[in-house]
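Written out below as structure tokens is the structure these notes cover.
Residue numbers start from 1 in every chain, and the chains themselves are labelled A, B, ... in the order their sequence lines are given, proteins ahead of strands.
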Number of protein chains: 2
Amino acid sequence: MKSNEIKEAALKYFTIHGYEGASLAQIAEEVGMKKQSIYAHFKGKDDLFLQVLRDAKETELSSKLQYFSKVDSNNPEKDLYGFLHLVIDLFQKNEQLKFWLRMSFFPPSHLEKVIEQEVIDIEEKMQAILESKFQDWINAKLIIGDAAITPTFAFLGIVDSILLELVYGNDEKRLQAKLAASWTVFWRGISHQ
Amino acid sequence: MKSNEIKEAALKYFTIHGYEGASLAQIAEEVGMKKQSIYAHFKGKDDLFLQVLRDAKETELSSKLQYFSKVDSNNPEKDLYGFLHLVIDLFQKNEQLKFWLRMSFFPPSHLEKVIEQEVIDIEEKMQAILESKFQDWINAKLIIGDAAITPTFAFLGIVDSILLELVYGNDEKRLQAKLAASWTVFWRGISHQ
DNA sequence: TCGGATTTTACGAACGTTCGTCAGTTATAT
DNA sequence: ATATAACTGACGAACGTTCGTAAAATCCGA
């Protein structure tokens, strides 16, 4: 399907150059066609962009949800640390998460509202599932008896910081070091000693 | 000075729309002039951008260095938590940090190398000063006896996650909650209990 | 299975606009 | 009078988009 090739190329250039910096001519050339031909598959630049955005959102959301659904979870240390590695894997093996990250934080301003809605949607779902997991672990006395929201937010913060390191992404050593450090301190901060 | 007005407007639009999305016409209009007049003050778009970038870098670096220089530091809890608030203040009361953040992570690609150099410069300086502070606190047994790099990276991670929350920035309540949560867990993770 | 009709895809040409930039000229201020 | 600053005008290039058209693929009744 040619539409998918176009979306792949679009994903690549939107990620590298942002919405305004990516041109349809560039995207079309990557697929081996002229920019006018894109209009046989998409209504315009916005339409192409939003389709790429929704694909990326779905990939991210389903990957994360799937991880937590197949984890049977009497081992928070393994589950949480594994999740961090999942995020790193997702980021490194497919462009979509990087694209998603860039657009969540610096959306093209004329699409700000639409994008914000999608971002909030993912965010709430992830927060809800994490909070419920933490509540279970707290009840089982596997971690410290905070309000569940505390480890949830702290953990989401670590995910964010890892993502930023990935975006910045020139130094695998540094990434591993930051991950190890954040995890060490975090785990010590929520577990019984 | 008109140059400064131009830089202020440029900062604003570069921050909102990115390098490619911000136009000289827009910037000039904000100052009440025609875009050609900008060339009486700057060599071109790149020159304007780089001057704004270096101003932003200097503001950020000097603010942070100044904070740690005037802290006499036998109270890591106060110093570190205060630093997080400094970052939040800096971010909220002046555009430069938001601009800096956007450009560190998603630079215009033809200026990627130049910008990366500036980013690394700041990063190394902050890491060095933090690491030395943490070493002092470890030696004074005010915090756990990790390798100093561990709390350093963990703390830098918290700074990053707070910055992301600020960029996303629609919800002051949520920001405060994330800050409180990250701080609680972090402090418990590096202090003796 | 065939052949004509219909839809899908790609293209050249061109549209109007905006982009950053440069040259030459006028106004302002020292 | 000299220098600085802002202007008008124009440049080539790129932008997203539209149109008409030609090829390619798909469909469908005979």
Between dT17(D) (C1') and Met33(A) (CE): distance, integer Å: 16 Å
Lys34(B) NZ - dC22(C) C1' separation (whole Å): 18 Å
Separation of atom NZ in Lys35(B) from atom P in dA6(D), rounded to whole Å: 17 Å
Side-chain N or O of Ser23(B) closer than 4.0 Å to phosphate OP1/OP2 of dC19(C): yes
Length of the CD-C1' vector between Gln36(B) and dT18(C), whole Å: 13 Å
Touch class at under 4.0 angstrom, heavy-atom based, for Ala28(B) against every strand present: nothing
Stepwise side chain to side chain contact (heavy atoms under 4.5 Å, CB included) check, Tyr39(A) with Lys45(A): CA-CA 9 Å; Tyr39(A) 287 78; Lys45(A) 195 181 187 183; 5.6 Å; no
Steps toward side chain to side chain contact (heavy atoms under 4.5 Å, CB included) verdict (Trp137(A), Ile190(A)): CA-CA 11 Å; Trp137(A) 293 323; Ile190(A) 68 162; over 6 Å; no
Atom-pair distance (NE2 on His41(A); P on dC11(C)), nearest Å: 10 Å
With Tyr81(B), the ring pair (Phe, Tyr, Trp, His ring centres under 6.0 Å) member among Phe186(B), Trp187(B), Trp183(B): Trp183(B)
Integer-rounded Å distance: dT18(D) C1' and Phe42(A) CZ: 18 Å
Test applied, ring pair (Phe, Tyr, Trp, His ring centres under 6.0 Å); reference residue, Phe99(A); option that passes from Phe49(A), Phe106(A), Tyr13(A), Phe105(A): Phe49(A)
Touch class at under 4.0 angstrom, heavy-atom based, for Lys2(B) against every strand present: sugar-phosphate
Distance in angstrom units between Tyr13(A) OH and dA14(D) P, rounded: 15 Å
Value in whole Å for how far the P atom of dG20(C) lies from CD of Glu20(A): 12 Å
Short side-chain N/O contact from Ser37(A) to OP1 or OP2 of dT9(C), under 4.0 Å: no
